[in-house]
Amino acid sequence: MGIIAWIFIGLLAGAIAKALMPGKDPGGIVITMLIGIVGGLLGGWLGKVILGVDAIDGFFDLSTWIAAVIGSVILLALYRLVTGNRHRHA
């Protein structure tokens, strides 16, 4: 898949992750997109390492989207843990 496809998947996966984990986040749309892009890569890697499947087959494969959303949720949770306390005390 090309970089444009990853940006599009990242944007949507990050938005879905934010919808699944409601609450105030210290980042905006750019952070959401970056979390989604990296989350998609993380989800694909985890699928390959843990389950032994190629989770990132193509743009229209359900496994690609599931991997991207799961990876985005994981990264969003980590992002909230790291940055959440810093912004609450300010």
Side-chain angles (χ1 to χ4, degrees):
M1 290 190 310
I3 189 72
I4 301 297
W6 274 114
I7 291 172
F8 184 70
I9 288 174
L11 178 63
L12 291 176
I16 292 169
K18 266 194 167 179
L20 291 174
M21 298 177 62
K24 187 160 176 89
D25 290 320
I29 190 72
V30 174
I31 297 297
T32 301
M33 188 166 54
L34 291 174
I35 286 173
I37 292 168
V38 176
L41 295 172
L42 174 67
W45 180 78
L46 287 174
K48 189 172 213 155
V49 170
I50 294 172
L51 302 174
V53 297
D54 191 16
I56 302 177
D57 291 329
F59 185 80
F60 293 107
D61 283 340
L62 184 60
S63 62
T64 300
W65 289 90
I66 291 171
V69 170
I70 289 173
S72 296
V73 167
I74 292 170
L75 283 182
L76 183 58
L78 291 173
Y79 181 71
R80 285 182 180 179
L81 284 174
V82 170
T83 63
N85 293 334
R86 197 172 355 146
H87 291 284
R88 285 189 190 142
H89 296 305

Q) What is the distance from atom CD1 of Ile35 to atom CG of Leu11, rounded to the nearest 0.5 Å? A) 12.5 Å
Which atoms form the tightest heavy-atom contact between [X] and [Y], and what is the distance?
X	Y	answer
Gly14	Ser72	N-OG, 4.1 Å
Leu75	Gly39	CD1-N, 3.3 Å
Ile9	Ala68	CG2-CB, 3.7 Å

Q.
Pair Leu20, Leu76 - check side-chain contact (heavy atoms from CB on, under 4.5 Å), show working.
A. CA-CA 10 Å; Leu20 291 174; Leu76 183 58; over 6 Å; no
